[in-house]
Amino acid sequence: MAVRKVLRIGHPLLLEKAEPVKEFNTKSLNALIEDMFDTMDAMNGAGLAAPQIGVSQRVVIFGVEANPRYPEVEAVPTTILINPRIEPKDTGMEDGWEGCLSVPGLRGLVPRYTRIHYRGFDQFGNPIDREAHGFHARVVQHECDHLDGILYPLRIKDLRQFGFEEELFGTVHDM
Ligand code: NI
């Protein structure tokens with residue numbers, strides 16, 4: 001287990017489409033997931049995708065605990081999601097502030113589907129099939145975008161709503 005270096009925007013691997021996982025519950029997959037949690041926790045992130053630590057595989061993790069000090073941050077169940085698929089429930093979208101461990105110090109206002117249905121597998125190959133809305137849905141869309149080489153700045157509609165956290169307001173976790 002180890003905290004791994006997080007690649008930052010500009011690294012070409014972050015723009016690549018990641019490969020599907022073919023075998024579950026292997027030593028290397030479990031070690032990857034352990035490193036991802038160590039790295040996400042060390043950096044106080046809400047989520048992390050494998051390409052962010054240099055592994056081009058379709059693996060994301062996320063999770064946010066409710067914190068009474070930040071009542072505006074909604075809890076998100078701690079999840080390992082492999083080979084994910086997302087379908088919007090309807091066309092409704094909403095803007096929200098996002099950050100990313102690969103885009104340190106910055107925040108941007110990003111439109112995301114409000115309600116989604118997502119599917120995938122955990123590290124043992126057990127299916128995951130959930131509906132999500134709001135911040136939970138936002139985190140899943142942000143993380144799964146990483147697997148297709150999309151960083152959130154590419155989704156910002158108005159680049160005036162993009163800048164350094166210290167110059168903006170809004171408390172969000174990096175993803
Ligand atoms: Ni991110």
Side-chain angles (χ1 to χ4, degrees), residues 1-64 76-88 96-113 116-130 132 135-156 159 162 165 172-175:
M1 50 189 273
V3 174
R4 302 268 289 264
K5 187 180 160 197
V6 175
L7 304 181
R8 292 176 302 168
I9 187 168
H11 193 292
L13 197 140
L14 293 173
L15 300 176
E16 279 179 25
K17 196 171 162 71
E19 293 292 324
V21 171
K22 295 194 178 75
E23 250 189 298
F24 295 94
N25 200 22
T26 62
K27 220 174 180 179
S28 64
L29 179 64
N30 294 336
L32 168 66
I33 289 164
E34 204 169 316
D35 282 359
M36 287 173 69
F37 273 106
D38 288 345
T39 305
M40 181 177 82
D41 292 345
M43 299 182 78
N44 200 25
L48 190 72
Q52 290 181 276
I53 59 167
V55 178
S56 197
Q57 297 256 312
R58 301 187 81 77
V59 179
V60 304
I61 62 169
F62 50 83
V64 180
V76 177
T78 298
T79 303
I80 296 157
L81 185 63
I82 297 172
N83 297 347
R85 285 183 299 144
I86 300 177
E87 287 164 40
W97 289 97
E98 294 187 14
C100 179
L101 295 173
S102 295
V103 192
L106 290 150
R107 297 287 183 255
L109 195 64
V110 181
R112 298 286 185 188
Y113 289 108
I116 61 168
H117 186 173
Y118 69 92
R119 298 183 182 88
F121 301 91
D122 69 11
Q123 75 271 39
F124 306 110
N126 300 312
I128 292 171
D129 187 326
R130 288 184 190 155
F135 186 60
H136 182 177
R138 174 171 299 278
V139 171
V140 174
Q141 289 170 84
H142 175 113
E143 297 313 329
C144 293
D145 262 358
H146 278 296
L147 305 180
D148 292 326
I150 298 168
L151 295 162
Y152 82 81
L154 295 170
R155 295 213 183 265
I156 296 172
L159 281 166
F162 180 48
E165 181 182 21
V172 291
H173 289 276
D174 287 313
M175 300 174 190

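Numbers here are sequence positions counted from 1. All values reported here derive from a predicted model rather than from experimental measurement.
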Positive for side-chain hydrogen bond (donor to acceptor under 3.5 Å, both in side chains) with Glu98, one of Arg107, Arg155, Arg112: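 So the option named by the test is Arg112.
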Look at the side chain of [X] and the backbone N and O of [Y], then say whether any donor-acceptor pair between them is shorter than 3.5 Å.
X: Thr39; Y: Arg4; result: yes
X: Asn30; Y: Thr26; result: yes
X: Asp35; Y: Ala2; result: yes

Non-neighbouring partners of Tyr118 that pass ring-ring contact (aromatic ring centres under 6.0 Å, His included), sequence neighbours left out: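 With sequence neighbours excluded, Tyr118 shows a ring-ring contact (aromatic ring centres under 6.0 Å, His included) to His136, given in chain and number order.
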Those residues that, when tested against Phe24, pass ring-ring contact (aromatic ring centres under 6.0 Å, His included) (two or more places apart):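 Here the qualifying residues are Phe121.
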Do you know the tightest heavy-atom contact between [X] and [Y]?
X: Pro104; Y: Leu101; result: CD-O, 3.8 Å
X: Leu81; Y: Gly120; result: CD1-CA, 3.8 Å
X: Leu13; Y: Pro51; result: CD2-O, 3.4 Å
X: Ala50; Y: Gln57; result: CB-O, 3.6 Å
X: Tyr152; Y: Gly108; result: CE1-N, 3.6 Å
X: Ala46; Y: Val139; result: O-CG1, 4.2 Å

Exercise: do Glu87 and His117 side chains pair donor with acceptor under 3.5 Å: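 No - no donor-acceptor pair under 3.5 Å links their side chains.
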Side-chain donor-acceptor pair present, Ser102, Gln52, cut-off under 3.5 Å: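 Looking only at side-chain atoms, Gln52 and Ser102 do form a donor-acceptor pair, the distance falling under 3.5 Å.
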To the nearest 0.5 Å, what is the distance between [atom1] ([X]) and [atom2] ([Y])?
X: Leu48; Y: Ile33; atom1: CG; atom2: CD1; result: 11.5 Å
X: Asp38; Y: Glu34; atom1: CG; atom2: CD; result: 6.0 Å
X: Arg58; Y: Asn83; atom1: CZ; atom2: CG; result: 7.5 Å
X: Leu29; Y: Phe124; atom1: CG; atom2: CZ; result: 9.5 Å
X: Trp97; Y: Arg138; atom1: CH2; atom2: CZ; result: 11.0 Å

Enclosure of Arg8 CZ (heavy-atom neighbours >12, cutoff 6.0 Å):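 No, not enclosed.
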